[in-house]
Amino acid sequence: MAEAHWYVVHTYSGYENKVKANIDKTIENRHLEDQILEVRVPMQDVVELKNGAKKTVSKKMFPGYVLINMIMNDDTWYVVRNTRGVTGFVGPGSKPVPLTELEMRPLGIRTESVQVDFTEGDAVVVTGGVWKDTVGVIQSMNQSKQSVTINVELFGRETPVEISFADVRLSK
């Protein structure tokens, strides 16, 4: 099987999040989860000074660009290239060029695998993010995305939530 790489996609300015949402929806509809692994709009926290008050806001690192971790083939190229708001891949002509490890390092994207001591069916505690301190049972694990899916209670119903390996630990 081919190896996944990070590619840069050029979008209309201001459409980055819309493109990400559209690609995520297409991945789900066409069941391409094993070929298009992750779609990111790189953000950075910036301190702004407005009316004498400091305020931390998230800004896009690269306006007009979206990063995609995927296995490049005709299907994935077609899906991404024909997504509304996408103007093309970064690279000469119609040949996308993957990012190198050196180019990805300043973006804070880690490619190393996290070794975990839990499996499906184990109870885990969420240690970070919105669901911090929530306890759930692992329903599924995705090694390529380095994430687990747990069920949490939301509005009185069990709802599946995907959480990074780094943000969970075994429950005692």
Side-chain angles (χ1 to χ4, degrees), residues 4-28 32-33 36-71 76 79-80 83-91 96-116 118 124-136 138 140-155 159-171:
H5 295 286
W6 285 95
Y7 294 90
V8 180
V9 175
H10 190 265
T11 67
Y12 294 126
S13 188
Y15 278 69
E16 300 89 347
N17 292 325
K18 186 79 170 158
V19 165
K20 179 188 179 333
N22 288 341
I23 292 174
D24 285 340
K25 186 58 114 181
T26 305
I27 291 168
E28 187 179 320
L32 295 171
E33 293 90 351
I36 301 177
L37 307 176
E38 189 176 354
V39 182
R40 277 197 188 181
V41 178
M43 305 290 275
Q44 65 183 356
D45 289 333
V46 178
V47 177
E48 287 185 346
L49 190 61
K50 277 191 178 174
N51 301 329
K54 285 185 179 179
K55 184 178 174 185
T56 303
V57 294
S58 285
K59 294 218 175 196
K60 293 179 183 96
M61 288 175 81
F62 309 109
Y65 295 94
V66 174
L67 299 177
I68 302 179
N69 188 14
M70 63 187 236
I71 297 169
T76 57
V79 164
V80 173
T83 299
R84 183 182 304 246
V86 171
T87 59
F89 282 92
V90 172
V97 177
L99 291 174
T100 64
E101 287 287 329
L102 192 61
E103 292 168 327
M104 288 175 43
R105 204 169 290 136
L107 303 178
I109 298 173
R110 299 184 310 272
T111 56
E112 70 270 2
S113 294
V114 175
Q115 296 299 318
V116 293
F118 43 78
V124 293
V125 177
V126 180
T127 59
V130 179
W131 299 102
K132 184 174 172 106
D133 299 328
T134 302
V135 177
I138 298 175
S140 65
M141 296 179 68
N142 187 333
Q143 292 292 341
S144 60
K145 280 187 170 180
Q146 298 282 293
S147 67
V148 295
T149 301
I150 64 170
N151 280 346
V152 298
E153 189 168 319
L154 184 65
F155 304 121
T159 306
V161 176
E162 188 174 347
I163 299 173
S164 168
F165 282 171
D167 290 335
V168 293
R169 67 172 169 76
L170 273 172
S171 179

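Values reported hereafter were calculated over all heavy atoms of this structure, with side chains retained and with hydrogens, waters and symmetry mates removed.
Counting all heavy atoms, side chain and backbone alike, Val148 lies closest to Met141 at CG1-CG, 3.9 Å. When every heavy atom of Pro98 is checked against every heavy atom of Glu103, the shortest pair comes out as O-OE1, 4.2 Å. Considering all non-hydrogen atoms of both residues, Met70 and Val80 come closest at SD-CG2, 3.9 Å.
Aromatic ring centroids of His10 and Phe89 lie 6.0 Å or more apart.
Residue Ile138 holds its CD1 atom at 9.5 Å from OG1 of Thr149, rounded to the nearest 0.5 Å. In this structure, CG in Leu67 is found 13.0 Å from OH in Tyr7, a value given to the nearest 0.5 Å. Annotation: the span from Thr11 atom OG1 to Ile23 atom CD1 amounts to 9.0 Å, rounded to 0.5 Å. Rounding to the nearest 0.5 Å gives a distance of 4.5 Å between CD1 of Ile27 and CD1 of Ile36. In this structure, NZ in Lys60 is found 6.0 Å from CE in Met43, a value given to the nearest 0.5 Å. Note that CG of Leu37 and CG of Asn69 are 5.0 Å apart. Values are rounded to the nearest 0.5 Å.
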key: Pair Ile150-Val126, side chain to side chain contact (heavy atoms under 4.5 Å, CB included): steps then yes or no   = CA-CA 10 Å; Ile150 64 170; Val126 180; 3.8 Å; yes
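Side chain of Thr76 to main chain of Ile71: a donor-acceptor pair is present (N/O by atom type, distance under 3.5 Å, no hydrogens or angles).
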Donor-acceptor pairs are to be reported for all side-chain atoms of residues 12-21 against protein atoms at under 3.5 Å, with residues two or more places apart or in another chain.
from: Glu16; atom 1: OE1; to: Gly14; atom 2: N; distance (Å): 3.2
from: Glu16; atom 1: OE2; to: Gly64; atom 2: N; distance (Å): 2.4
from: Lys20; atom 1: NZ; to: Asp24; atom 2: OD2; distance (Å): 2.9
from: Lys20; atom 1: NZ; to: Val39; atom 2: O; distance (Å): 3.4

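Of the N and O atoms on the side chains of Thr127 and Asp167, not one donor lies less than 3.5 Å from an acceptor on the other residue.
Applying salt bridge (charged side-chain N to carboxylate O under 4.0 Å, His left out) to Glu48 and the options Lys55, Lys54, Lys59 leaves one that passes, Lys59.
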